[in-house]
K.L.:
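One structure follows; several queries about it will come next.
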Amino acid sequence: MSENALKIIKISLSFAIAFVLVFTSLFTYREHLAETYELTFLSSFAVGIFFIVAGILLLLNKRIPQILYLCATILLLIVFFVCIAFSNQFQMSGGFAFLHIVNPLFVLAYYLIFCNLSETTVKLVPAVAAVPLLYLAFVLIFGSITGNYIYFFMNYEKVGVWYSVLFILGILAGIFAFGFALYYLNRLIQKLVNKNKE
């Protein structure tokens, strides 16, 4: 496949994915506007905006740090795995099925097929935890002010400090594990692709 054809595909998919993510997040939460602080909404909406910006940058022939695609993928996978693990406590029908399952898988597929981290140093991988940590800090501040900790495992007043701390450490361990796994998987895929080109 020529470079121009690949570029056109990446631009088209960037805008298509952006539309799906932004539309499904806004449509699903249209009757839940007071709950748009949830990671389920914020992750799809923010990653959708990222794909819009990425599509514009691709049109302008600007380089996009590939680590940002990994960060976006991990952010959506957090929603995917937390909601799968606690599916009995989350609504999974209609638009919520898109936000919890379809959107994360769309972005994961794009990342694995169209991103190239072969020139990205492994030292950048811990950056995947930056946004989740900021969100956890927001949850704690929001909860201490309003009494609504958004997610039960963050309500340390109810479940206990150690439970919350261990849950957060578990989430972070999972984030780092998946971050490094997807980083090396991407590099392996790119190595195989480049080998087949030769």
K.L.:
Identify whether Leu68 and Leu133 are in the same connected component of the hydrophobic contact network (ILVMFWY, side-chain heavy atoms under 4.5 Å).
P.N.:
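Result: yes, single cluster for both.
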K.L.:
Sub-3.5 Å donor-acceptor pair from the side chain of Tyr135 to the main-chain atoms of Ser43, do we have one?
P.N.:
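No, the answer is negative, given that no donor and acceptor are paired below the 3.5 Å cut-off.
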K.L.:
Quick check on Lys7: does its NZ atom have over 12 non-hydrogen neighbours (other residues, nucleotides or ligands) under 6.0 Å away?
P.N.:
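Check passes, neighbour count above 12.
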K.L.:
Side chains of Tyr29 and Leu42: does their closest heavy-atom pair fall under 4.5 Å?
P.N.:
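No, every pair of side-chain atoms sits at 4.5 Å or beyond.
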K.L.:
Quick one: does Leu70's side chain get under 4.5 Å of Cys115's, heavy atoms only?
P.N.:
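No, every pair of side-chain atoms sits at 4.5 Å or beyond.
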K.L.:
Is the closest side-chain heavy-atom distance between Leu182 and Leu77 below 4.5 Å?
P.N.:
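In short, these two side chains touch, coming nearer than 4.5 Å.
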K.L.:
Is there a donor-acceptor pair under 3.5 Å between the side chain of Asn103 and the backbone N or O of Ser44?
P.N.:
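Absent.
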K.L.:
Parallel, tilted or perpendicular: which one describes the rings of Tyr163 and Phe152, with boundaries at 30° and 60°?
P.N.:
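Tilted, since the angle between the ring planes falls between 30° and 60°.
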K.L.:
Taking the six-membered ring for Trp, are the ring centroids of Tyr69 and Phe114 within less than 6.0 Å of each other?
P.N.:
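Ring centroids of Tyr69 and Phe114 are no less than 6.0 Å from each other.
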K.L.:
Are Tyr183 and Phe180, when compared by the centres of their aromatic rings, separated by less than 6.0 Å?
P.N.:
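No, ring centres 6.0 Å or more apart.
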K.L.:
Can you tell me if Arg63 has over 12 outside heavy atoms packed within less than 6.0 Å of its CZ?
P.N.:
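Not buried by this count: 12 neighbours or fewer within 6.0 Å.
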K.L.:
Checking side-chain contact (heavy atoms from CB on, under 4.5 Å) for the pair Arg30/Leu26: CA distance, chi angles, key distance, verdict?
P.N.:
CA-CA 6 Å; Arg30 71 192 184 283; Leu26 291 174; over 6 Å; no
K.L.:
Measure the acute angle between the ring planes of Phe45 and Phe41, then classify it against the limits of 30° and 60° as parallel, tilted or perpendicular.
P.N.:
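Correct class here is parallel.
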K.L.:
Does one hydrophobic cluster hold both Leu169 and Val139, with members joined at side-chain heavy-atom distances below 4.5 Å?
P.N.:
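Same cluster.
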K.L.:
Provide the closest heavy-atom pair for Glu157 versus Tyr149 in the form atom of the first, atom of the second, distance.
P.N.:
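Heavy atoms of Glu157 and Tyr149 come nearest at OE2-OH, 3.4 Å.
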K.L.:
Do Ile171 and Pro132 come close enough that some side-chain heavy atom pair is under 4.5 Å?
P.N.:
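With C-beta onward as the side chain, the pair stays apart.
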K.L.:
Just one of Leu185, Thr73, Val107 clears the side-chain contact (heavy atoms from CB on, under 4.5 Å) bar with Leu112, so which one?
P.N.:
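Only match with Leu112 under side-chain contact (heavy atoms from CB on, under 4.5 Å): Leu185.
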K.L.:
Quick one: do Leu21 and Leu76 satisfy side-chain contact (heavy atoms from CB on, under 4.5 Å)? Show the steps, please.
P.N.:
CA-CA 11 Å; Leu21 268 61; Leu76 287 180; 4.0 Å; yes
K.L.:
For Asn116, does its backbone N or O pair with a side-chain atom of Gln66 as donor and acceptor, under 3.5 Å?
P.N.:
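Yes, the answer is positive, given that a donor and an acceptor are paired below the 3.5 Å cut-off.
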K.L.:
Give a yes or no on whether the backbone of Leu39 and the side-chain of Tyr151 come within a donor-acceptor separation of less than 3.5 Å.
P.N.:
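Yes.
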K.L.:
When clusters are formed by joining ILVMFWY residues with side-chain heavy atoms under 4.5 Å apart, either directly or through shared neighbours, do Val161 and Ile150 land in the same one?
P.N.:
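Val161 clusters together with Ile150.
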K.L.:
Using the side-chain contact (heavy atoms from CB on, under 4.5 Å) rule, take Phe178 and Ile78 through it: C-alpha gap first, then chi angles, then the decisive distance, then the call.
P.N.:
CA-CA 10 Å; Phe178 275 101; Ile78 292 171; over 6 Å; no
K.L.:
Indicate whether any N or O donor in one side chain lies under 3.5 Å from an N or O acceptor in the other, for Asn148 and Tyr37.
P.N.:
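A donor-acceptor contact under 3.5 Å links the two side chains.
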K.L.:
Just wondering, do Phe15 and Leu59 contact through their side chains at under 4.5 Å, heavy atoms?
P.N.:
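Yes; the side chains approach each other to less than 4.5 Å.
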K.L.:
Can you confirm if the aromatic rings of Phe27 and Phe98 lie within a centre distance of less than 6.0 Å?
P.N.:
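So the answer is no for these two rings.
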K.L.:
Would you say the side chain of Ile168 lies within less than 4.5 Å of the side chain of Met154, judging by non-hydrogen atoms?
P.N.:
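Sidechains of Ile168 and Met154: in contact.
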K.L.:
Side chain of Thr28, backbone of Ser25: donor and acceptor closer than 3.5 Å?
P.N.:
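Side chain of Thr28 to backbone of Ser25, a donor-acceptor pair under 3.5 Å: no, none is there.
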K.L.:
Check the hydrophobic clustering (I, L, V, M, F, W, Y; side-chain heavy atoms under 4.5 Å; chains of links allowed) and say if Leu60 and Phe50 are grouped together.
P.N.:
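Yes; tracing contacts between hydrophobic side chains, which count when under 4.5 Å, links both residues.
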K.L.:
Using the rule that two of Ile, Leu, Val, Met, Phe, Trp, Tyr join whenever any of their side-chain heavy atoms come within less than 4.5 Å, decide whether Val122 and Ile67 are in one cluster.
P.N.:
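Yes, because Val122 and Ile67 connect within a single hydrophobic cluster, where side-chain heavy atoms sit under 4.5 Å apart.
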K.L.:
Has Ser164 got a side-chain atom pairing as donor or acceptor with Phe153's backbone, closer than 3.5 angstrom?
P.N.:
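Side chain of Ser164 to backbone of Phe153: a pair is present.
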